[in-house]
Amino acid sequence: MAAAIKAKVFQTENTVALARNLIGTRLVIAPAQGEPIARRITETEAYHGEEDLACHARRGRTARTEVMYAAGGVWYVYLCYGVHEMLNLVTGPRDRPCAVLIRGVEGLTGPGRLTRALGIDRRFNGRAASVATGLWIEDDGFRPAPRQILATPRVGVDYAGPHWAGRKWRFVWPAGHDGTRHSRSSSEA
DNA sequence: TACTCGATCGGA
DNA sequence: CCGATCGAGTAA
């Protein structure tokens with residue numbers, strides 16, 4: 001049964017594990033008019049607090065990063081390169097600035113591409129990931145088999161130095177990018 | 001207030 | 001490989 005994942009789940013101490021766990025869940029957006037659109041998440045990245053030099057919160061609280069200090073379960077959407085809206089889910093307990101960047105969903109590779117295709121922008125910044133706000137994440141029990149999920153270094157964060165840029169905190173489900181189903185290897189929650 | 005630099009993408 | 005495009009962050 002598909003159910004919206006609750007904020008409490010997002011408030012875990014282990015954002016890296018959560019980023020991996022979100023692979024295969026469904027990102028759902030309910031437009032002002034028309035049917036909701038749901039696509040399985042195929043690519044994520046974890047950002048882990050002020051100590052993580054790749055994380056926007058590496059310099060502490062600022063106008064932009066303030067939303068990351070909220071308790072997990074709200075969206076953090078910012079404009080990248082003056083062009084692309086980047087969708088992140090704030091995670092962790094209150095005052096712990098962690099987040100998961102949604103980098104890809106079925107049929108839509110790339111963080112900037114998926115937001116453009118789904119009509120997601122900074123209006124969602126600071127809003128809850130819930131049915132009420134029209135953008136949420138759903139768990140229907142399906143997950144790719146663990147060995148189908150790849151862990152790689154995060155993209156575009158070389159500025160963080162080898163120690164942080166080298167962490168394999170990006171998770172990819174390659175087969176999911178083309179919408180292919182692999183029921184034989186799917187697992188139950 | 002000036003200046004730099006992006007958690008990217010598409011086109012040359 | 002490079003330009004687009006603009007707001008946050010930093011320094012002054």
Side-chain angles (χ1 to χ4, degrees), chain A residues 10-25 27 29 37 39-92 95-127 129 135-137 149-174 176-179:
Chain A
F10 300 137
Q11 289 160 17
T12 172
E13 299 276 349
N14 197 339
T15 291
V16 176
L18 177 65
R20 192 180 190 288
N21 241 282
L22 287 175
I23 299 294
T25 60
L27 178 68
I29 182 166
I37 302 166
R39 293 193 186 237
R40 292 196 191 280
I41 294 171
T42 57
E43 182 177 345
T44 61
E45 274 177 3
Y47 287 86
H48 204 259
E50 296 179 350
E51 71 280 5
D52 176 6
L53 296 185
C55 182
H56 284 171
R58 64 188 175 279
R59 294 184 181 99
R61 291 179 185 264
T62 66
R64 184 174 64 161
T65 63
E66 186 60 34
V67 66
M68 297 186 76
Y69 289 80
V74 301
W75 298 112
Y76 165 42
V77 187
Y78 72 95
L79 186 67
C80 187
Y81 292 99
V83 180
H84 308 285
E85 307 280 342
M86 306 290 275
L87 176 66
N88 299 255
L89 176 69
V90 172
T91 63
D95 296 326
R96 199 82 46 83
C98 301
V100 173
L101 169 64
I102 311 298
R103 292 187 54 90
V105 297
E106 289 174 287
L108 292 171
T109 304
R113 283 210 198 101
L114 81 87
T115 53
R116 181 161 51 83
L118 298 177
I120 296 166
D121 59 30
R122 283 164 287 175
R123 289 174 308 179
F124 286 101
N125 189 50
R127 302 178 68 171
L135 183 61
W136 69 96
I137 298 176
I149 301 175
L150 309 179
T152 83
R154 293 170 292 181
V155 175
V157 296
D158 286 348
Y159 60 78
H163 178 72
W164 292 103
R167 307 304 294 269
K168 295 184 175 177
W169 286 356
R170 170 175 174 252
F171 300 97
V172 193
W173 174 32
H177 281 303
D178 55 21

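Note on naming: letters A, B, ... go to the chains in the order of the sequence lines (proteins, then strands), and numbering restarts at 1 for each one.
Taking the charged nitrogens against the carboxylate oxygens, A:R116 and A:E85 have no contact shorter than 4.0 Å, which rules out a salt bridge. Under the 4.0 Å criterion applied to side-chain N and carboxylate O atoms, A:E43 and A:R103 are assigned as salt-bridge partners.
Remark: C1' of B:dA7 and OH of A:Y47 are 4 Å apart, rounded to the nearest angstrom. Residue A:L114 contributes atom CG, which lies 17 Å from atom P of B:dA7 at whole-angstrom precision. Separating the CH2 atom of A:W164 from the C1' atom of B:dA7 is a distance of 15 Å, rounded to the nearest angstrom. Atom C1' of nucleotide B:dG6 and atom OH of A:Y78 are separated by 8 Å, given to the nearest angstrom. Straight-line distance from the CD1 atom of A:I120 to the C1' atom of B:dT8: 16 Å, rounded to whole Å.
Judged by the 6.0 Å distance and 45° axis criteria, A:R64 is positioned over the aromatic ring of A:Y78. A cation-pi arrangement is absent between A:R58 and A:Y47 under the rule of less than 6.0 angstrom and at most 45 degrees off the ring axis. Cation-pi check for A:R61 over A:Y69 is met; the charged atom lies under 6.0 angstrom from the ring centroid and within 45 degrees of its normal.
In this structure, A:G156 and A:R113 both approach DNA chain B, and ranking their closest nucleotides by distance from the 5' end singles out A:G156.
Counting heavy atoms from C-beta on, the side chains of A:L114 and A:I102 come closer than 4.5 Å. Within the 4.5 Å cutoff, no side-chain heavy atoms of A:I149 are placed close to those of A:V172. Looking at A:L79 and A:R122, their side chains come closer than 4.5 Å, going by heavy atoms from C-beta outward.
Across C:dC2 and B:dC5, the matching C1' atoms stand 16 Å from one another, rounded to whole Å.
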Item to complete: Any chance you could list the contact pattern along nucleotides 4-12 of chain C? Use B for base contacts, S for sugar-phosphate-only contacts and - for none, protein heavy atoms under 4.0 Å, 5' to 3'.
Response: -BBSSSS--
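Counting non-hydrogen atoms under 4.0 angstrom, A:R116 reaches the backbone sugars and phosphates but no base.
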Item to complete: Any chance you could lay out the salt bridge (charged side-chain N to carboxylate O under 4.0 Å, His left out) test for A:E50 and A:R96, step after step, and finish with the verdict?
Response: CA-CA 8 Å; A:E50 296 179 350; A:R96 199 82 46 83; over 6 Å; no
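Stem list for DNA chain C (at least 3 consecutive Watson-Crick or G-U pairs, distances under 3.5 Å): B:1-6 with C:6-11, B:8-11 with C:1-4.
Taking a centre distance below 5.5 Å and an interplanar angle below 30 degrees as the stacking criterion, A:Y159 does not stack against the six-membered base ring of B:dG6.
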